[in-house]
**Student:** 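Please find one structure pasted underneath; my questions will follow.
Quick caveat: nothing in here was measured; it's all calculated off a predicted structure.
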Amino acid sequence: MEVVDLLVLSGDVINTALVPTLLMPFALIGVILSSLLTAFAGFFGLDKKELSGSMGLLKVLFKPKVLISMLLLNGLVWGGIYGYRYVKNNPYPEFYIKLRHEPVPSARIYSNSQQDHLDALGTSGELKGLQQAWSIKVGSGNFGGLEVSGGSIFTTSKDGYIYENNFEDGQLIRRFYVGTPVIPKVLIWNGMMYVGEGIHDTENARLYGFDLSSGELKSSFQSLGHIEGDASVHESENGDTILIPAGKGGVYALEADTLQERWHSQVGHVDGEVQISKNKAFVSTAVEREAKERIHHGYALDVDTGKVLWKTGLAASGWSAAVFYENQVCWALGELVPVGEYGQLSCYDQDSGQATVSFNFKGPIVAKPIIRGDNVYVSTYSGEVCSINLKSKSWTWCQQLGDKITYARLTTYNSKYFLYPSSKEGLKFIRARDGELVDVWLPNANEGEWKRHMWGVAIHNNSLLLGDWYGTLRKIDYSPNLSH
């Protein structure tokens with residue numbers, strides 16, 4: 001009440017009913033501190049009177065018993081935090097994966113992952129009569145797309161499973177378990193299915209090799225980072241080599257049969273698929289959120305040894321695979337963490353690394369560009385789609401055809417059209433010569449809602465295969481006989 005008396009004597013008009021309300025938090029803090037002090041004294045077997053006053057508290061804190069106990073307590077707390085992070089960010093033990101995985105054998109004959117299912121260049125007709133054949137649920141969170149082989153569709157997911165579904169009717173054939181989120185698409189090679197694991201925070205991610213005949217996990221290789229990009233194969237007289245981008249672990253080259261390391265090049269953070277041309281492996285580096293320096297490079301590595309043949313500075317991060325035009329290698333660039341306001345297509349001489357040409361865009365580029373003849377077609381994160389003539393080094397056209405936030409790549413049909421799965425506005429048909437929107441396909445009310453798509457449309461046997469971010473996989477049949 002002394003505070004109230006002083007305020008009254010000052011002559012100010014006040015509402016005394018508010019003062020106790022203001023003092024209540026201070027009283028509560030006092031009670032909490034007193035309780036903590038009592039608990040502290042009880043924990044160390046001290047008399048609470050010893051803690052009265054600042055000097056008394058200091059004397060107690062510097063007692064050996066108290067110091068040792070506090071150090072041990074701090075060690076336990078920090079050990080618990082780092083232990084939790086380790087368990088959360090590292091893959092499951094391999095014995096646990098084998099215990100959880102339920103192998104299902106298959107008599108199917110699986111072809112190697114050689115065909116790019118994002119292209120149907122040999123088809124003579126045009127698209128007509130699109131009809132959804134089926135729609136099913138698989139795992140969500142797929143960035144890498146799908147693989148079609150042996151009459152099966154393979155998709156990956158953040159739930160830690162790889163799904164194999166029948167191409168004709170979508171029925172689930174079997175699942176392969178790894179536990180950690182699986183982002184890239186699978187690689188099928190010589191009867192084996194190879195797939196990497198991990199997201200941004202994952203460390204020590206593995207590449208797994210499953211025998212497609214028995215369904216069993218046969219081999220694995222542990223990297224130093226995460227494997228978000230697709231694996232690729234280099235065939236040579238010395239045997240087939242699997243190349244994997246491993247995030248902060250750089251690039252690994254592995255023997256295909258055994259997954260034993262052939263070479264390791266720690267050039268920086270690599271997320272894009274390794275592309276090979278003229279006995280060189282081309283990769284670009286990207287900058288993650290926690291990076292202290294925002295420095296990016298493009299590299300040409302000797303595909304047999306991993307030796308750096310040349311490197312060049314890049315204007316921004318490179319998240320996707322390189323593309324090739326004549327003797328040039330081109331990278332699509334842009335920042336994602338945080339999202340940048342521009343992107344760039346940068347091209348360099350494959351032999352020397354000398355810059356040849358570059359083009360700037362209104363948003364970062366995540367999807368791999370497509371090169372057809374002298375033209376390169378680019379789709380940006382912000383939904384802009386552009387065509388550039390690399391021979392004349394000039395723009396052909398640019399159209400805002402998508403909505404924001406999309407990783408989806410263009411799909412080529414018959415060299416005349418592109419298929420573009422927008423985030424919210426359906427599947428768009430784009431005329432290649434001028435970028436004009438020809439048609440849009442959306443599912444009807446009975447076929448399910450259209451949701452955000454993060455990878456391109458796959459084309460196989462007169463069917464389009466689409467998968468959205470939330471785990472809906474669709475097969476759309478068509479008749480190749482429409483002209484515009």
**Student:** Does atom NZ (Lys307) have a neighbourhood of more than 12 heavy atoms from anything else shown, all under 6.0 Å?
**Tutor:** no
**Student:** Would you say CG of Leu172 has more than 12 non-hydrogen atoms from neighbouring residues, nucleotides or ligands within 6.0 angstrom?
**Tutor:** yes
**Student:** Out of curiosity, His297 NE2 to Leu314 CG, how far, rounded to the nearest 0.5 Å?
**Tutor:** 7.5 Å
**Student:** Heavy-atom distance under 4.5 Å between the side chains of Phe359 and Val378, does that happen here?
**Tutor:** no
**Student:** Is there side-chain contact between Asp304 and Trp263, with at least one heavy-atom pair below 4.5 Å?
**Tutor:** no
**Student:** If only atom types and distance count, is the side chain of Tyr194 paired as donor or acceptor with the main-chain N or O of Ala256 below 3.5 Å?
**Tutor:** yes
**Student:** So which atom in Ser113 and which in Val186 form the shortest heavy-atom distance, rounded to 0.1 Å?
**Tutor:** OG-O, 4.3 Å
**Student:** Just by distance, do the side chain of Thr155 and the backbone of Leu146 share a donor-acceptor pair under 3.5 Å?
**Tutor:** no
**Student:** Working to the nearest 0.5 Å, report the span between CZ of Arg409 and OG1 of Thr412.
**Tutor:** 7.0 Å
**Student:** Under the 3.5 angstrom rule, does the side chain of Ser219 hit a backbone N or O of Thr258 as a donor-acceptor pair?
**Tutor:** no
**Student:** Assess whether atom CD of Glu436 is packed by more than 12 heavy atoms of other residues, nucleotides or ligands within 6.0 Å.
**Tutor:** yes
**Student:** Short question: side chain of Ser157, backbone of Gly139 - any donor-acceptor pair under 3.5 Å?
**Tutor:** no
**Student:** Can a donor-acceptor pair be found, under 3.5 Å and without considering hydrogens, that links the side chain of Trp310 to the backbone of Gly298?
**Tutor:** no
**Student:** How many angstroms lie between atom CG of Asn279 and atom CD of Gln350, to the nearest 0.5 angstrom?
**Tutor:** 11.5 Å
**Student:** Can you give me the closest heavy-atom contact between Tyr348 and Thr356, atom names plus distance?
**Tutor:** N-OG1, 3.6 Å
**Student:** Hey, is the main chain of Gly151 close enough, under 3.5 Å, to the side chain of Glu168 for a donor-acceptor pair?
**Tutor:** no
**Student:** Could you go through the side chain to side chain contact (heavy atoms under 4.5 Å, CB included) check for Met454 and Asn142 one step at a time?
**Tutor:** CA-CA 7 Å; Met454 303 297 276; Asn142 185 324; over 6 Å; no
**Student:** When you measure from the side chain of Trp134 to the backbone of Gln171, do you find a donor-acceptor pair of N or O atoms at a distance under 3.5 Å?
**Tutor:** no
**Student:** Over 60° means perpendicular and under 30° means parallel, so tell me whether Tyr252 and Phe221 are parallel, tilted or perpendicular.
**Tutor:** perpendicular
**Student:** Quick one: are Ser135 and Glu447 in side-chain contact, heavy atoms under 4.5 Å?
**Tutor:** no
**Student:** Atom CH2 of Trp469 and atom OG of Ser423: how far apart are they, to the nearest 0.5 Å?
**Tutor:** 12.0 Å
**Student:** Hydrogens and angles aside, do Ser463 and Asp477 bring a side-chain donor and acceptor to less than 3.5 Å of each other?
**Tutor:** yes
**Student:** Any side-chain to backbone donor/acceptor pair from His101 onto Leu99? Under 3.5 Å, distance only.
**Tutor:** no
**Student:** Going through the distances and angles, do Ile459 and Leu419 end up as a side chain to side chain contact (heavy atoms under 4.5 Å, CB included)?
**Tutor:** CA-CA 10 Å; Ile459 302 177; Leu419 309 182; 4.1 Å; yes
**Student:** Going by atom types alone, do Tyr110 and Glu164 pair a side-chain donor with an acceptor below 3.5 Å?
**Tutor:** yes
**Student:** Determine yes or no for a side-chain-to-main-chain donor-acceptor pair under 3.5 angstrom, with Lys362 supplying the side chain and Glu384 the backbone.
**Tutor:** no
**Student:** For a side-chain contact (heavy atoms from CB on, under 4.5 Å) with Leu254, tell me which candidate from Arg262, Glu261, Gln260, His264 qualifies.
**Tutor:** Glu261
**Student:** Evaluate the side-chain proximity of Ile365 to Trp319: yes if any heavy-atom separation is below 4.5 Å, no if none is.
**Tutor:** no
**Student:** Quick one, Ser149 with Met193, criterion side chain to side chain contact (heavy atoms under 4.5 Å, CB included). Give me CA distance, side-chain angles, the key distance, then yes/no.
**Tutor:** CA-CA 11 Å; Ser149 178; Met193 180 187 72; over 6 Å; no
**Student:** Please examine the side chains of Ile188 and Glu147, heavy atoms only from C-beta on, and report whether any two atoms are closer than 4.5 Å.
**Tutor:** yes
**Student:** With Gln344, which residues qualify under side chain to side chain donor-acceptor pair (under 3.5 Å), at least two apart?
**Tutor:** Ser346, Asn360
**Student:** For Leu301, which of Leu309, Leu243, Val267 qualifies under side-chain contact (heavy atoms from CB on, under 4.5 Å)?
**Tutor:** Val267
**Student:** Taking the six-membered ring for Trp and the full ring for Phe, Tyr or His, determine whether the centres of Phe324 and Phe282 are under 6.0 Å apart.
**Tutor:** yes
**Student:** Decide yes or no for Arg206 and Ile97: does some side-chain heavy atom of the first lie under 4.5 Å from some side-chain heavy atom of the second?
**Tutor:** yes
**Student:** I'd like to know if Glu216 pairs up with Lys98 as an ion pair, taking the criterion as any Lys NZ or Arg NE/NH1/NH2 lying under 4.0 Å from an Asp or Glu carboxylate oxygen.
**Tutor:** no
**Student:** Is the distance between the ring centroids of Phe210 and Phe154 under 6.0 Å?
**Tutor:** no
**Student:** Do Arg174 and Glu102 pass the salt bridge (charged side-chain N to carboxylate O under 4.0 Å, His left out) test, and can you show the C-alpha distance, the side-chain angles, and the key distance before you say yes or no?
**Tutor:** CA-CA 9 Å; Arg174 54 183 171 172; Glu102 299 177 356; over 6 Å; no
**Student:** Return the minimal non-hydrogen interatomic distance between Gly141 and Ile183, and the atom names on each side.
**Tutor:** O-CD1, 3.7 Å
**Student:** Can you tell if the side chain of Asp240 reaches within under 4.5 Å of the side chain of Asn190, non-hydrogen atoms only?
**Tutor:** yes
**Student:** Are Val440 and Glu425 close enough that some pair of their side-chain heavy atoms sits under 4.5 Å apart?
**Tutor:** no
**Student:** Determine whether the side chains of Glu273 and Ser232 contain a donor N or O and an acceptor N or O closer than 3.5 Å.
**Tutor:** no
**Student:** Could you label the plane-to-plane angle of the Tyr96 and Tyr177 rings as parallel, tilted or perpendicular, counting under 30° as parallel and over 60° as perpendicular?
**Tutor:** perpendicular
**Student:** Quick check: closest heavy atoms across Gly170 and Ile136, and the distance to 0.1 Å?
**Tutor:** O-CD1, 3.2 Å
**Student:** With a 4.0 Å cut-off on N to O distance, would you call Asp351 and Lys280 a salt bridge?
**Tutor:** yes
**Student:** Stepwise, does the side chain to side chain contact (heavy atoms under 4.5 Å, CB included) test hold for His226 with His269?
**Tutor:** CA-CA 10 Å; His226 56 247; His269 188 109; 3.5 Å; yes
**Student:** We want to know whether Asp349 and Asn327 form a side-chain donor-acceptor pair, criterion being a heavy-atom distance below 3.5 angstrom.
**Tutor:** yes
**Student:** Measuring from Gln399:CD to Tyr420:OH, what's the distance to the nearest 0.5 Å?
**Tutor:** 12.0 Å
**Student:** Please step through ring pair (Phe, Tyr, Trp, His ring centres under 6.0 Å) for the pair Tyr413 and Tyr478, ending with a clear verdict.
**Tutor:** CA-CA 12 Å; Tyr413 181 83; Tyr478 65 88; 5.8 Å; yes
**Student:** First locate atom CG of Leu224, then atom CD of Gln266, and finally report the distance between them rounded to the nearest 0.5 Å.
**Tutor:** 6.0 Å
**Student:** I need the minimum non-hydrogen distance between Ser265 and Val308, along with the two atoms involved.
**Tutor:** OG-CG2, 4.5 Å
**Student:** Any donor and acceptor pair, going by atom type alone, linking the side chain of Ser379 with main-chain N or O of Ala408 inside 3.5 Å?
**Tutor:** yes
**Student:** For Thr285 and Tyr299, work out which heavy atoms get closest and say how close.
**Tutor:** CG2-CE1, 3.8 Å
